[in-house]
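Some notes on the structure that comes next.
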Number of protein chains: 4
Amino acid sequence: MTAPRKTPDRSRRSARSRRAIFDAALALIGEVGYAATTIEGIAAKAGVGKQTIYRWWPSKAAVLLDAFLDLGDQAAMAAGADDRASAIPDSGDLEADLKLVLRATVDELGDPKYDLPFRALAAEGAVNEDLGVEVVERLLRPQRQLYVERLRAAREAGQLREDSDLEIAVDLLVSPLAQRWLQRTGPVTHEYAEALVEHVLRGLTR
Amino acid sequence: MTAPRKTPDRSRRSARSRRAIFDAALALIGEVGYAATTIEGIAAKAGVGKQTIYRWWPSKAAVLLDAFLDLGDQAAMAAGADDRASAIPDSGDLEADLKLVLRATVDELGDPKYDLPFRALAAEGAVNEDLGVEVVERLLRPQRQLYVERLRAAREAGQLREDSDLEIAVDLLVSPLAQRWLQRTGPVTHEYAEALVEHVLRGLTR
Amino acid sequence: MTAPRKTPDRSRRSARSRRAIFDAALALIGEVGYAATTIEGIAAKAGVGKQTIYRWWPSKAAVLLDAFLDLGDQAAMAAGADDRASAIPDSGDLEADLKLVLRATVDELGDPKYDLPFRALAAEGAVNEDLGVEVVERLLRPQRQLYVERLRAAREAGQLREDSDLEIAVDLLVSPLAQRWLQRTGPVTHEYAEALVEHVLRGLTR
Amino acid sequence: MTAPRKTPDRSRRSARSRRAIFDAALALIGEVGYAATTIEGIAAKAGVGKQTIYRWWPSKAAVLLDAFLDLGDQAAMAAGADDRASAIPDSGDLEADLKLVLRATVDELGDPKYDLPFRALAAEGAVNEDLGVEVVERLLRPQRQLYVERLRAAREAGQLREDSDLEIAVDLLVSPLAQRWLQRTGPVTHEYAEALVEHVLRGLTR
DNA sequence: CGCTAAACGAGACGGTACGTCCGGTCTTTAA
DNA sequence: TTAAAGACCGGACGTACCGTCTCGTTTAGCG
């Protein structure tokens with residue numbers, strides 16, 4: 001005996017509408033910002049009934065999250081990757097590898113295609129716990145995991161202190177950049193990324 | 001013939017209404033969250049006309065920023081301080097001093113009285129550049145400055161590497177905690193704060 | 001080359017669905033009123049796809065008209081009549097015969113099973129000319145015809161003025177009752193029906 | 001201790017909006033019919049917020065009733081009358097007076113300016129009891145009362161049978177015309193009106 | 001009696017309007 | 001003379017149905 005069906009039948013879902021909604025959502029957020037982006041506006045721009053959005057997503061933020069993840073998938077596909085998350089390179093030189101990756105992150109954060117939607121997601125996730133959890137699970141955690149793995153390799157290679165907490169290590173590398181970008185406390189540049197890596201690895205004390 | 005009045009006359013401002021608006025705003029954000037807090041609701045709860053809010057603040061977020069700063073002032077006054085920002089203690093033991101302050105920060109971030117409004121401000125500031133700048137200038141920068149000063153003292157005392165960038169150093173101490181709290185990527189505890197300080201000061205490498 | 005099929009094949013029509021739709025339609029109108037009765041609701045209650053309704057009827061009102069006519073047929077069948085419209089009795093006493101029939105009409109109008117659907121049909125027909133014509137042709141005209149015939153018999157028997165217009169005579173007997181019921185301008189009772197017949201037959205002047 | 005205010009303050013009501021709403025409502029009903037007339041459409045055409053309609057009227061039908069009564073008032077004013085309902089003339093010749101008035105009613109029912117809105121009101125009132133009562137009280141009863149008074153005068157002048165029920169008498173004069181018009185059971189002409197008066201006054205029997 | 005075309009249930013779709021809520025502006029009223 | 005109170009226009013909210021359009025699944029009738 002099965003529970004009565006509540007959720008819509010995913011198999012009948014229109015792929016065309018899904019695409020149009022993602023495109024419209026990201027376009028609108030880029031054009032008018034997140035707050036001024038409305039579900040009504042997305043539906044109109046996508047040429048889709050409002051109900052088609054409400055049927056599949058619980059909120060504007062959820063649409064944006066899916067649209068953003070889809071954007072990442074597309075980029076990864078275009079880059080020829082099999083799946084979204086590509087591992088951090090391991091050349092043996094930890095410092096160089098981290099600088100490479102963080103410089104790429106700086107570029108990404110500076111790309112308006114990512115900046116506005118990501119900002120909106122981060123902001124909404126900060127305030128809306130349910131969404132925040134989803135953002136962490138589906139977007140942030142996979143990224144962090146790549147760092148954890150690279151750092152673990154380094155630790156096993158004897159390049160890191162054995163008592164290093166890898167979670168804290170990742171925080172040290174990632175949070176300052178993220179925070180600077182999100183709160184606009186300072187410029188987000190390649191130089192900052194590199195200096196950051198150096199300070200983290202060497203520590204502050206003499 | 002006088003020039004047409006543009007800005008309201010600050011001297012005629014009703015202190016009683018100001019207080020009532022702050023109280024109502026913070027109460028509502030605590031009760032129903034930021035998104036569900038409306039100017040209409042604040043006005044109603046404060047027993048104030050909507051126009052009285054629109055006359056003095058450009059947006060809901062601006063009200064909240066002032067209300068939050070006022071909240072900080074009140075707390076500082078209650079603690080007997082002359083002004084809002086009290087310096088980080090300098091016992092000579094940098095590590096101990098930083099742990100003390102960060103543990104206090106953990107406590108503050110865990111206090112619902114601060115958590116919700118601060119979260120709302122951070123989120124809104126991430127997305128709304130004008131507000132973001134104000135938040136940084138009036139709220140974050142003064143706090144950061146205290147760290148900069150304590151760290152500079154330590155560097156001058158020869159306890160820090162001479163090539164340390166103090167801004168980056170502050171970032172390393174503050175951002176991981178802030179990020180963890182804001183994005184909910186992990187628990188925000190005294191233990192985390194202490195381990196953070198240790199990792200930052202000693203660095204990751206052997 | 002054959003013309004493209006436009007109309008559905010009546011022979012394959014599901015009698016079971018037809019019944020279920022009529023039952024559901026009348027039930028819903030009784031429960032929630034005509035305006036709140038929706039095609040979607042009828043389909044759901046009848047356990048029928050929406051398309052099955054749209055395939056056979058052009059509008060909610062058309063469904064109701066058929067359902068109501070079907071209801072009348074059922075009642076007539078139950079009463080043992082061969083067809084729907086049974087003639088007005090001719091006992092020789094016109095006044096008595098008319099009182100009898102109008103009292104029966106009063107009872108019918110007071111029966112909620114007929115009241116609500118009939119009201120809805122009359123109202124919709126007043127506003128929607130196409131439906132109005134159908135209602136008159138299929139529902140009202142057959143009824144009126146029975147009166148015309150009874151009155152013609154009376155006129156031929158010398159009981160009515162020879163210059164009487166039978167259409168007007170029917171109007172005089174039927175409209176006041178119908179109007180009172182439809183517009184609720186007064187109570188619809190046996191007494192009213194009898195007084196009405198008396199006034200119509202004798203005229204107002206001395 | 002007074003109950004909390006629920007209803008809006010009538011004194012602050014905008015006369016300009018009221019007018020614009022009535023004009024838009026009647027225009028739309030004339031252009032697209034009652035069913036296709038929406039509150040949204042009325043608001044848009046009147047250049048008014050939807051809330052301004054919902055604030056003052058509970059339903060589309062209620063707007064229409066007020067608009068229609070206002071239309072009647074305007075017509076009466078234009079005709080130089082002090083109030084809406086002008087008495088039926090009393091020339092001493094009852095038959096002539098009634099024919100005059102019913103011919104005028106025929107003209108009115110044929111005027112599209114009145115036809116469509118009145119039809120919509122009658123239909124809605126048939127189905128919606130609350131509105132129906134309002135329509136009767138505010139629109140129909142005042143009109144009927146004029147007939148009652150004229151007929152009473154005739155009865156007192158010895159022109160009518162003393163046992164005539166005036167309510168029934170009014171029904172006999174008014175309902176057949178109204179019914180014919182509303183249900184479209186036949187043409188609504190001056191000739192019909194005159195024949196109707198004659199039949200009513202003289203009765204059907206020899 | 002088995003094939004096949006149709007009618008069927010289900011329900012997603014692009015839309016329209018609903019009635020509510022709130023944003024900002026403007027007007028009235030009472031202190 | 002200044003707010004409170006609140007009406008106003010505008011517009012998005014999330015919901016309910018509209019009427020159309022697939023989907024697979026009966027089901028009926030012909031071959």
Side-chain angles (χ1 to χ4, degrees), chain A residues 5 8-14 16-18 20 35-44 46-56 58-60, chain B residues 8-9 12-14 16-17 20 35-44 46-55 58-60, chain C residues 5 8-18 20 36-44 46-60, chain D residues 5 8-14 16-18 20 35-44 46-56 58-60:
Chain A
R5 177 86 68 110
D9 181 350
R10 299 189 72 81
S11 69
R12 297 197 173 213
R13 188 162 183 180
S14 159
R16 162 205 285 265
S17 295
R18 194 180 149 88
T37 295
T38 64
I39 292 199
E40 204 142 288
I42 295 172
V48 140
K50 277 203 286 179
Q51 198 56 46
T52 300
I53 298 183
Y54 284 111
R55 190 163 17 239
W56 301 109
S59 67
K60 178 172 67 161
Chain B
D9 180 349
R12 297 200 173 222
R13 188 163 183 178
S14 157
R16 160 208 284 264
S17 293
T37 296
T38 64
I39 292 199
E40 206 145 282
I42 296 171
V48 142
K50 278 204 287 180
Q51 200 57 40
T52 302
I53 298 183
Y54 283 111
R55 198 168 5 246
S59 68
K60 178 172 67 162
Chain C
R5 175 86 68 116
D9 180 350
R10 299 188 73 82
S11 70
R12 299 204 166 198
R13 187 163 183 181
S14 159
R16 161 208 283 265
S17 293
R18 192 180 150 89
T37 296
T38 65
I39 291 200
E40 207 144 282
I42 295 171
V48 140
K50 279 203 287 178
Q51 199 62 257
T52 301
I53 298 183
Y54 283 110
R55 189 160 21 236
W56 301 108
W57 292 276
S59 69
K60 178 172 68 161
Chain D
R5 175 87 69 110
D9 181 348
R10 299 189 71 81
S11 69
R12 300 202 168 191
R13 187 162 184 180
S14 158
R16 161 206 284 265
S17 295
R18 192 180 150 89
T37 295
T38 64
I39 291 198
E40 205 144 287
I42 294 172
V48 141
K50 277 203 288 181
Q51 199 58 46
T52 301
I53 299 184
Y54 283 109
R55 186 156 28 234
W56 301 110
S59 68
K60 179 171 68 161

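Each chain gets a letter, A, B and so on, in the order the sequences are listed, and its residues count up from 1.
When atom types are taken as modelled, the side chain of D/K50 and the backbone of D/A43 share no donor-acceptor pair closer than 3.5 angstrom.
Look at D/T52 and you'll find a side-chain N or O under 4.0 angstrom from OP1 or OP2 of F/dC9. The shortest distance between the side-chain N/O atoms of D/R55 and the OP1/OP2 oxygens of F/dC8 is below 4.0 Å. Between D/S17 and the phosphate of F/dC9, there is a side-chain N or O to OP1/OP2 separation shorter than 4.0 Å. Note on C/W56: a side-chain N or O is less than 4.0 Å away from OP1 or OP2 of E/dC8.
Distance CZ (A/R18) to P (E/dG14): 14 Å, rounded to an integer number of Å. Between D/R16 atom CZ and E/dT27 atom P there is a gap of 10 Å when expressed in whole angstrom units. We find that CD1 of B/I42 is positioned 17 Å from C1' of F/dA4, with the value rounded to whole Å. For the pair B/I53 CD1 and F/dG6 P, the computed distance is 15 Å after rounding to whole Å. The distance between atom CZ of C/R13 and atom P of E/dA6, rounded to the nearest whole Å, is 17 Å. Nucleotide F/dG19 holds its P atom 11 Å from the CD atom of C/Q51, rounded to whole Å.
Annotation: cation-pi pair C/R13/C/W56 present, NZ/CZ under 6.0 Å from the ring centroid and within 45° of its normal.
Heavy-atom minimum distance, D/A46 versus D/A20: CB-O, 3.5 Å. Across D/S59 and D/I39, no two heavy atoms sit closer than the pair C-CD1, 4.4 Å.
Comparing B/T37 and D/A36, the nucleotide of DNA chain E nearest to each residue sits closer to the 5' end for D/A36. Closest-nucleotide positions on DNA chain F for C/E40 and A/E40 were compared, and the one nearer the 5' end corresponds to A/E40. Both D/S11 and B/S59 sit near DNA chain E, but only B/S59 has its closest nucleotide nearer the 5' end. If A/Y54 and D/R12 are placed on DNA chain F by their nearest nucleotide, the residue sitting closer to the 5' end is D/R12.
For A/K50, the side-chain atoms get nearest to F/dC13 when compared with the rest of F/dC18, F/dC13, E/dG14.
Using a 4.0 Å heavy-atom distance criterion, B/G41 is classed as making no nucleic acid contact.
Annotation for D/R55: atom CZ counts as buried by contact number, over 12 foreign heavy atoms lying within 6.0 Å.
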